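Because the structure is predicted, anything quoted here is derived from the model rather than measured. Each chain gets a letter, A, B and so on, in the order the sequences are listed, and its residues count up from 1.
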Amino acid sequence: MDWNLVISSLGPLWGGALLGTIPLSLASFALGLVLALLLALARMSSIVPLAALARLIISIVRGTPMLVQLFVIFYGLPSIGVVLPPWPSAIIALSINVGGYAAEVIRAAILSVPAGQWEAGYTVGMSRVTTLRRVILPQAARVSVPPLSNTFISLVKDTSLAATILVTELFREAQRIAAFSNEFMLIYIEAAAIYWIICLVLSTAQGRIEKRLDRYVAHA
Amino acid sequence: MDWNLVISSLGPLWGGALLGTIPLSLASFALGLVLALLLALARMSSIVPLAALARLIISIVRGTPMLVQLFVIFYGLPSIGVVLPPWPSAIIALSINVGGYAAEVIRAAILSVPAGQWEAGYTVGMSRVTTLRRVILPQAARVSVPPLSNTFISLVKDTSLAATILVTELFREAQRIAAFSNEFMLIYIEAAAIYWIICLVLSTAQGRIEKRLDRYVAHA
Amino acid sequence: MSPTPESASAPLLRTTGLRKSFGSLEVLKGIDLAVPRGRVLVLIGPSGSGKTTVLRSLNALEVPDAGVIELEGEALDFAAPASKKERQRQRETLRDASGMVFQHYNLFPHRTVLQNVTEGPIVVQGRPRAEAEAEATSLLERVGLGDKRDVYPFQLSGGQQQRVGIVRALALKPKLLLFDEPTSALDPEIVGDVLTIMKQLAEEGWTMVVVTHELGFAREVADEVLFLDGGVIVERGAPQQLLRDPRQPRTRAFLDRLLRPLD
Amino acid sequence: MSPTPESASAPLLRTTGLRKSFGSLEVLKGIDLAVPRGRVLVLIGPSGSGKTTVLRSLNALEVPDAGVIELEGEALDFAAPASKKERQRQRETLRDASGMVFQHYNLFPHRTVLQNVTEGPIVVQGRPRAEAEAEATSLLERVGLGDKRDVYPFQLSGGQQQRVGIVRALALKPKLLLFDEPTSALDPEIVGDVLTIMKQLAEEGWTMVVVTHELGFAREVADEVLFLDGGVIVERGAPQQLLRDPRQPRTRAFLDRLLRPLD
Amino acid sequence: GSGSGGDSAGASASPKAGRSLEQVQKAGELVIATEGTYRPFSYHESGSGPLTGYDVEVATAVAKKLGVKAKFQETQFDAIFAGLGAGRFDVIANQISVNAEREKKYDFSTPYSVSPGAVIVRSDSDITGLADLKGKTTAQSLTSNWYQVAQDAGANVEQVEGWAQALELLKQSRVDATVNDKLTFLDAKKNGETDGLKIAADTDDVSKSAITLRKGSDTLTAAIDKALAELAADGTLAKLGEKYFGQDISK
Ligand SMILES: Nc1ncnc2c1ncn2[C@@H]1O[C@H](COP(=O)(O)OP(=O)(O)OP(=O)(O)O)[C@@H](O)[C@H]1O
Ligand SMILES: Nc1ncnc2c1ncn2[C@@H]1O[C@H](COP(=O)(O)OP(=O)(O)OP(=O)(O)O)[C@@H](O)[C@H]1O
Ligand SMILES: [Mg+2]
Ligand SMILES: [Mg+2]
């Protein structure tokens with residue numbers, strides 16, 4: 001094994017992770033969650049066209065490869081005059097994806113809160129929105145941490161697709177080094193190890209958050 | 001828009017879907033579920049090293065890009081004398097992935113069945129294994145259909161990565177047609193539409209299965 | 001119509017011809033009742049007879065299909081078609097006036113006992129936190145939960161949770177307290193703790209509508225008992241009369257089943 | 001139905017010095033009891049006193065830390081360290097001998113009523129399907145559920161579900177029937193349906209251990225009543241004596257709270 | 001789709017229209033798409049250093065002749081034509097082979113690299129030329145003309161991501177040959193990456209690579225052609241060829 005290559009590539013690979021993969025993941029996840037909540041609420045709305053629209057969006061986002069979504073946003077939109085730089089394009093595509101997947105998670109989590117909690121909120125005098133915000137969502141959050149962290153982990157790996165639209169991140173760096181050295185196996189495994197480390201950190205964070213949110217739940 | 005190209009590419013694209021994407025997805029999903037069940041049971045086992053091993057496998061599978069997993073299996077294993085053809089390599093990589101993701105789904109679903117159901121099984125004289133098989137899993141199945149269908153839909157799109165290890169499927173056909181016609185955007189969108197159709201069929205199937213499994217549940 | 005001979009002034013709440021269907025199932029078939037200020041009305045009746053639906057209508061958790069609810073003289077008419085805004089106003093009127101105690105407590109699991117109680121006063125009524133907390137604390141002390149202020153509901157027994165449920169309703173200072181089988185999810189030996197507190201509230205002059213199977217409580221505390229069956233008030237009267245010597249055979253059969261299950 | 005009419009000399013089941021702790025909490029502190037063939041033992045006691053744990057030990061859902069359970073003369077010793085296989089054998093011995101009815105029914109929600117009942121006989125006992133189904137059907141008819149054979153549990157009321165729970169236990173033809181508060185999750189007016197069936201079973205000669213708060217049932221049906229508190233049997237005796245005139249102050253206090261919750 | 005046809009907005013805002021020399025000069029930069037992962041044509045010095053390579057240096061020199069800065073955008077091959085079509089780039093410099101199909105859709109400069117193909121096989125192979133590929137399996141990437149050449153020779157073509165994978169498959173005996181630039185092979189050989197492999201034969205075909213532009217980039221194409229001619233004349237192209245391949249590859 002070419003240890004020199006392994007070591008000399010650590011710098012650029014981590015650089016790609018820290019300057020590309022990680023900020024891209026964080027920004028897209030944050031925006032994606034907001035979008036997911038809106039989509040979930042729209043999907044549960046009693047306004048039929050709104051619900052149908054949300055369904056359609058979720059279905060297209062989940063049903064088509066993200067690579068194509070990236071292509072359409074970055075290379076397709078200019079044909080209607082919308083020219084977005086790489087980073088905004090990537091963040092939009094990634095957060096739409098998070099939105100599509102997480103919307104279903106959030107919807108299920110909201111539905112998992114017993115109906116009695118809505119009623120308790122109303123009875124205390126809260127409006128629908130206040131009950132949602134102060135009673136339902138905090139409880140839904142607990143249920144949705146594990147599936148959302150799945151979404152997050154998938155997202156981290158999906159950021160590698162942003163390389164196709166000129167964003168330099170971990171995977172792109174790996175490709176460059178691999179192309180130069182033709183040692184693609186070695187470099188890809190090294191990159192995978194870095195992805196793994198990022199995901200382990202995420203899992204640890206997930207554990208912490210779950211524990212925090214579990215403080216008000218009886219344990220078996 | 002180049003309608004001739006759109007129409008002439010339908011044949012090869014659907015060919016790729018029917019001979020590649022779909023059988024690959026089905027085979028990997030079936031195998032992956034079996035693996036997932038084993039991993040989930042191992043992870044819940046009271047035998048500490050077994051549980052730790054399952055955790056490690058799940059963590060690596062989920063934490064590293066599937067492209068790298070495919071490469072390791074296809075291009076890496078020959079260096080230790082294991083030369084697998086493209087299809088088996090792809091099925092192995094994809095089902096390991098399904099296994100890693102679905103293991104957590106299945107574990108959560110099993111844990112969601114009330115403890116009283118285990119006890120009812122024991123009380124009727126069943127062993128642990130019989131209770132698992134006849135009481136717990138059928139109920140866990142109901143809970144896990146929505147998240148598993150998410151996994152399936154992701155899988156369908158992930159099969160496109162098998163193109164990198166010489167498996168001819170929808171995306172590889174799209175790349176080939178696009179490269180020869182230089183109409184990447186058009187062909188990719190066409191391919192995306194086909195992925196979408198496949199996913200819509202899956203969602204419909206999901207709805208049917210959910211309905212079937214819901215027959216023994218009261219509705220709000 | 002109104003069975004409140006001793007009250008001269010208008011009742012706090014009165015319903016006339018309340019009807020409610022779920023799909024094709026008519027659950028309330030014209031309910032007339034009146035709750036004078038400071039009195040306790042007890043609803044009894046078999047499962048599915050519509051008791052919960054009556055309470056939920058009074059708390060605007062259900063919108064009746066027809067009938068009038070009169071609250072302190074203001075009539076809310078549910079037969080007339082109303083705008084969304086009008087329905088909203090009706091809902092708020094009823095909800096502001098009443099507090100509800102549920103069979104399964106429905107405490108907010110993610111909030112401490114104190115937060116459960118102050119959520120309404122602070123968030124909805126906009127009262128100062130310090131004031132709301134002081135008041136909540138003294139209410140909690142009254143029901144013997146002074147030391148549980150800062151724990152979460154799951155750390156409480158069923159009886160303690162239900163006492164928090166009552167305090168949460170009281171903290172809103174509603175004109176009317178509604179109880180839906182508040183003790184039927186409790187361990188039998190703990191039932192007494194909750195009933196005792198309800199009895200004290202009645203003695204203090206709170207106006208209450210209580211759905212319960214605890215006939216002892218009804219006998220001691222109710223001013224009037226209504227027997228519901230099939231969405232209709234079959235019989236109503238003072239507890240001594242109705243519980244001991246019902247006029248209607250359906251009432252008698254129901255009471256017999258309850259009192260002597262093994263016969 | 002086939003109770004086991006054998007020589008009434010030795011008790012069917014006897015426990016000696018049964019102990020069980022959960023972590024540092026000692027829940028059973030040496031329980032001695034005996035259940036003669038064809039008799040009904042009723043356990044009463046406050047919440048947390050260990051009643052459920054006693055039943056679960058008899059059904060091998062818990063493994064006692066110490067003590068002996070003697071079943072038809074065969075002694076299962078839980079104090080002695082035992083191999084996994086030996087514990088397994090003890091578990092099977094106890095489970096084969098007993099059937100359990102749970103407070104929350106614990107029916108299999110994904111199986112029809114008939115399948116719930118035949119699951120044990122067919123899958124575990126390996127009896128022919130036709131025979132098992134015929135027997136299950138006749139048992140279901142006996143408890144008034146002949147027409148519910150093919151519906152799912154969610155389509156039944158609580159009382160109906162509990163009757164299925166009882167039939168599911170009976171179908172295994174156990175020597176001993178265990179009931180853990182079988183009526184406390186039921187609507188009060190439905191309680192009677194289930195108690196009546198249990199009374200019939202007692203009259204037919206089934207050997208039963210029943211945890212219940214239904215003192216009327218205990219009075220009428222029990223051969224012996226045990227009062228448990230803090231993991232200890234505080235008092236035992238014939239129902240007439242123990243329920244009407246308990247010797248121990250703790251027993252008296254408990255019965256008072258149950259009978260007069262408002263005092 | 002936006003790859004071709006369906007013209008929308010007008011004037012210079014439209015990505016569909018070709019770029020004019022004037023526009024480029026006004027912008028002060030020539031935006032050049034390249035993969036950055038195709039040694040020795042377009043790659044990063046030691047993997048993570050600055051972008052370099054034969055195509056990169058040629059394009060830089062061309063930009064200089066035009067009096068503008070060279071601005072490289074690195075993208076994957078999948079996206080390179082889509083990006084050009086969308087107006088993300090002015091030109092592509094990435095060993096794009098000129099062929100009839102592409103000429104219908106794009107403008108090309110005069111070629112700046114001309115390379116014969118080579119049939120690359122394992123040392124013990126009995127394949128001796130293109131003709132022997134009939135019924136054999138070759139690994140080809142979609143980037144170049146060699147895919148077509150192998151297919152026309154009757155080979156069973158496996159499409160791969162790139163040269164590295166093709167080499168790997170060949171070494172692992174999973175394919176029988178790969179047809180590629182001779183130049184690429186020689187570069188790999190220099191780096192000791194071709195142990196156990198050999199060139200069975202050169203092809204008759206040559207692959208001509210040129211700078212690729214959107215249709216209608218007439219003035220820009222003319223200017224680039226002129227620049228390339230000057231670079232040929234002043235020996236720059238020959239020098240770059242020497243640097244990377246030890247020979248002039250521009251004709
Ligand atoms: N949201 C609803 N949708 C459909 N049917 C309903 C709904 N709520 C109640 N019902 C039905 O209305 C009838 C009356 O219900 P209600 O809960 O008022 O009875 P109850 O007297 O409170 O009974 P219980 O003693 O069991 O609580 C029942 O048949 C019930 O199934
Ligand atoms: N699996 C367990 N782990 C820890 N503690 C337990 C467990 N099971 C029971 N306990 C505790 O043991 C004590 C006795 O429980 P048990 O369920 O036997 O009481 P019980 O008399 O049946 O009460 P109830 O009337 O409330 O059903 C309680 O304090 C209970 O919290
Ligand atoms: Mg009710
Ligand atoms: Mg118990």
Check your understanding: Can you say whether B:Phe184 sits under 4.5 Å from chain E via the side chain, the backbone, both, or neither, judging by heavy atoms?
Key ->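 Answer is side chain: those atoms of B:Phe184 sit under 4.5 Å from chain E.
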
Just wondering, are more than 12 heavy atoms of other shown residues or ligands nearer than 6.0 Å to [atom1] in [X]?
| X | atom1 | value |
| --- | --- | --- |
| E:Asp124 | CG | yes |
| E:Arg122 | CZ | yes |
| E:Lys208 | NZ | no |
| B:Ile47 | CD1 | no |

- prompt: What closest approach, in Å, do B:Ser181 and E:Lys105 show between heavy atoms, and which atom pair accounts for it?
  reply: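 Here B:Ser181 and E:Lys105 meet closest at O-NZ, 2.6 Å.
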
Point to revise | Nearest heavy atoms of B:Arg172 and E:Gln159, plus distance in Å | key: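 The answer is NH2-N, 2.6 Å.
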
Exercise for the section: Pick one of side chain, backbone, both or neither for E:Glu168, based on which atoms fall under 4.5 Å of a heavy atom in chain B. Expected result: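 The side chain, not the backbone.
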
Between E:Tyr147 and chain B, which part of the residue has a heavy atom less than 4.5 Å away: side chain, backbone, both or neither?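 Side chain only.
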
Point to revise | Nearest-0.5 Å distance, CD of residue E:Gln165 to CZ of residue B:Phe71 | key: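 Here the rounded value is 4.5 Å.
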
Side chains of E:Leu169 and B:Leu166, heavy atoms from C-beta outward: is any pair under 4.5 Å?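 Yes, side chains in contact.
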
- prompt: With a 4.5 Å heavy-atom cut-off, do E:Phe81 and B:Met185 have their side chains touching?
  reply: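 No, side chains not in contact.
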
**Q.** E:Gln172 side chain to B:Pro78 backbone, donor-acceptor under 3.5 Å
**A.**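 No; judged by distance alone, with no hydrogens or angles, the pair does not exist.
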
Here's one to test your reading of the geometry: is the NZ or CZ of E:Arg174 within 45 degrees of the ring axis of B:Phe74 and under 6.0 Å from its centre?
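Yes, E:Arg174 and B:Phe74 form such a contact.
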
